[in-house]
Amino acid sequence: MSLPDLVTLSPTPDEYAYTFGGSAPLLTVRPGTIVELTTEDCFGGRVRGTGDLPSEVCEFPYLNPVTGPIAVAGAEPGDTLAVHFVEIAPARDWGISSTFPHFGALTATHSTAMLHAPLEERVWVYELDRAAGTCRFRARVGDFTVDLPLDPMHGTVGVAPAGGETLMSITPGAHGGNLDTPEMRAGTTAYFRVNVPGGLLAVGDGHARQGEGEVCGTAVETAMRTTVVVDLVKGGGPAWPRLEDDRYLISTGSARPLEDAFRISQHDLVGWTGELLGLDTLDAYQLVSQAGLAPAANVCDTNYTMAAKLPKSLLGRIRAYDGLHDRLRATATAYLRHR
């Protein structure tokens, strides 16, 4: 098969965005275009060793830079922007994680007041072995080490919000943003509702790997070289970001408290399942209740995010978005074979 248009996007430091909405596009592409892009880590590359405390070397609000926005020609409010992740590869042989005072799932935060002392700010450096496919955890106290599998993903992917709103890149919501779900890996297609002309896609926050929930507030953060295929479906924009891989349909929901994020993701998956299978709402509710999975994405951001997953094997021959994921997967395979 012939490959579609191919463009590259490698922002200079002054071209990174820190919000969704409020920025002019860095480029405009046609639907079906392959985009090779680079992203910086959530610290802007400023944390490079255990002595580089983020509170000292990073400048608020210039955290979590994203690459973009990318406008898609013909995208109008109400459409569906599809983003297929072809490849996500660490651009460095090291990654960073940390703990912060007043940030993370197991400490007091600005919205959960406690009398105990804040957590210590501490930095961990992970050695990334891209050839072996591992990242090495090294304890800061004692001599324990263990190699963990690389599982590169993007924590932050989204489009401009509706109503002219501008949201910081650390905030997840209906527009996407800092969802921090490990499901956003190579081989996954993400679907977003277009809210403004062009959609204005942005991608950032590369993680060499992340556990479900991103419990301490940071993953193994690193810069990435990423390739995506960007496509457009006229109409049908989902209320909340959806994902699809070869095995699952995945709905997301972002809110506080956590049970509301859970409810949003489950509500969307029930509706999506019912629509695809032609089921009564309560029948779809029953099927999702018995066959679904519910991994936590993040429990540390300004909003929490939950995912709801349904095995595609239950759909038989039915395909979401008329099989767009499979077509984009074929484009990705052709790209990787011929590059």
Side-chain angles (χ1 to χ4, degrees), residues 6-29 33-72 83 85 87-98 100 103 121 123-128 130 135 152-161 166-172 175-180 184 198-208 210 217-228 230 301-302:
L6 173 64
V7 300
T8 61
L9 179 59
S10 294
T12 59
D14 62 333
E15 288 178 323
Y16 285 112
Y18 296 88
T19 64
F20 285 89
S23 298
L26 294 183
L27 78 164
T28 299
V29 301
T33 299
I34 299 172
V35 184
E36 297 175 337
L37 55 87
T38 59
T39 65
E40 186 48 274
D41 68 31
C42 70
F43 304 109
R46 296 180 180 178
V47 180
R48 305 179 69 88
T50 57
D52 294 330
L53 298 183
S55 64
E56 296 176 356
V57 301
C58 298
E59 181 183 358
F60 185 83
Y62 301 109
L63 295 169
N64 206 36
V66 290
T67 295
I70 300 169
V72 179
V83 184
F85 286 89
E87 188 174 42
I88 306 173
R92 296 179 178 134
D93 59 5
W94 52 271
I96 296 291
S97 192
S98 64
F100 297 94
F103 185 69
E121 187 173 11
V123 171
W124 287 258
V125 178
Y126 284 75
E127 302 163 26
L128 308 185
R130 289 167 286 189
C135 58
M153 42 88 54
H154 276 286
T156 304
V157 186
V159 297
T166 298
L167 294 173
M168 293 182 64
S169 61
I170 62 171
T171 300
H175 68 293
N178 199 29
L179 300 169
D180 283 322
M184 200 78 76
L200 301 185
L201 169 71
V203 179
D205 191 23
H207 296 170
Q210 179 207 302
T218 57
V220 181
E221 312 283 344
T222 194
M224 290 291 181
R225 295 187 182 95
T226 295
T227 301
V228 298
V230 182
D301 289 340
T302 50

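For the single chain, residues carry numbers from 1 onward in sequence order. What you see is a predicted model; the values in this text were computed from it and never measured.
- Put simply, the side chain of Asp180 reaches to within 4.5 Å of the side chain of Gln210, judged on heavy atoms.
- At least one side-chain heavy atom of Leu9 sits less than 4.5 Å from a side-chain heavy atom of Ile70.
- A 4.5 Å side-chain heavy-atom check between Tyr16 and Glu40 finds at least one atom pair inside the cut-off.
- Taking the side chain as every heavy atom from C-beta outward, Val230 and Thr33 never approach each other to under 4.5 Å.
- With hydrogens and angles left out, the side-chain atoms of Thr226 and His154 include a donor and acceptor closer than 3.5 Å.
- A donor and an acceptor atom, one from each side chain of Asn178 and Thr171, are nowhere located under 3.5 Å apart.
- Considering Phe60, Phe43, Phe103 in turn, Phe43 is the only one that fulfils the side chain to side chain contact (heavy atoms under 4.5 Å, CB included) rule with Pro54.
- Within the 4.5 Å cutoff, the side chain of Val157 has heavy atoms near those of the Phe85 side chain.
- Atom CZ of Arg92 sits in a crowded spot, with more than 12 heavy atoms from other residues, nucleotides or ligands closer than 6.0 Å.
- Residues Ser169 and Thr19 have side chains that never bring a donor and an acceptor to within less than 3.5 angstrom of each other.
- Considering only heavy atoms from C-beta on, Leu27 comes within 4.5 Å of Val29 through its side chain.
- Residues Val66 and Thr39 are not in side-chain contact: their nearest non-hydrogen atoms beyond the backbone lie 4.5 Å or more apart.
- Remark: side-chain polar atoms of Arg130 are not paired, donor with acceptor, to backbone N or O of Ala89 under 3.5 angstrom.
- A donor-acceptor pair shorter than 3.5 Å cannot be found between the side chains of Thr227 and Glu36.
- Judged purely by atom type and a 3.5 angstrom limit, Glu15 uses its side chain to pair as donor or acceptor with the backbone of Thr12.
- Here the straight-line distance linking atom CE of Met168 with atom CG of Leu63 works out to 7.0 Å at 0.5 Å rounding.
- For the pair Ser23 (side chain) and Ala17 (backbone), a donor-acceptor distance under 3.5 Å is absent.
- Smallest separation of non-hydrogen atoms from His207 and Gly155: CE1-CA, 4.0 Å.
- Closest approach of Pro172 and Asp301 over heavy atoms only: CD-CB, 4.0 Å.
- Atom CG of Leu201 sits about 11.0 Å away from atom CG of Leu26, to the nearest 0.5 Å.
- Between Tyr18 and Tyr62, the angle of the ring planes goes over 60°, which puts this pair in the perpendicular group of the 30/60° scheme.
- You'll find the side chain of Ile96 reaches within 4.5 Å of the side chain of Val123, heavy atoms only.
- Side chains of Thr218 and Glu221: a donor-acceptor N/O pair is absent below 3.5 angstrom, by distance only.
- Checking side-chain atoms of Thr50 against main-chain N and O of Val125 turns up no donor-acceptor pair under 3.5 Å.
- Taking CE from Met153 and CE from Met224, the interatomic distance works out to 8.5 Å, rounded to the nearest 0.5 Å.
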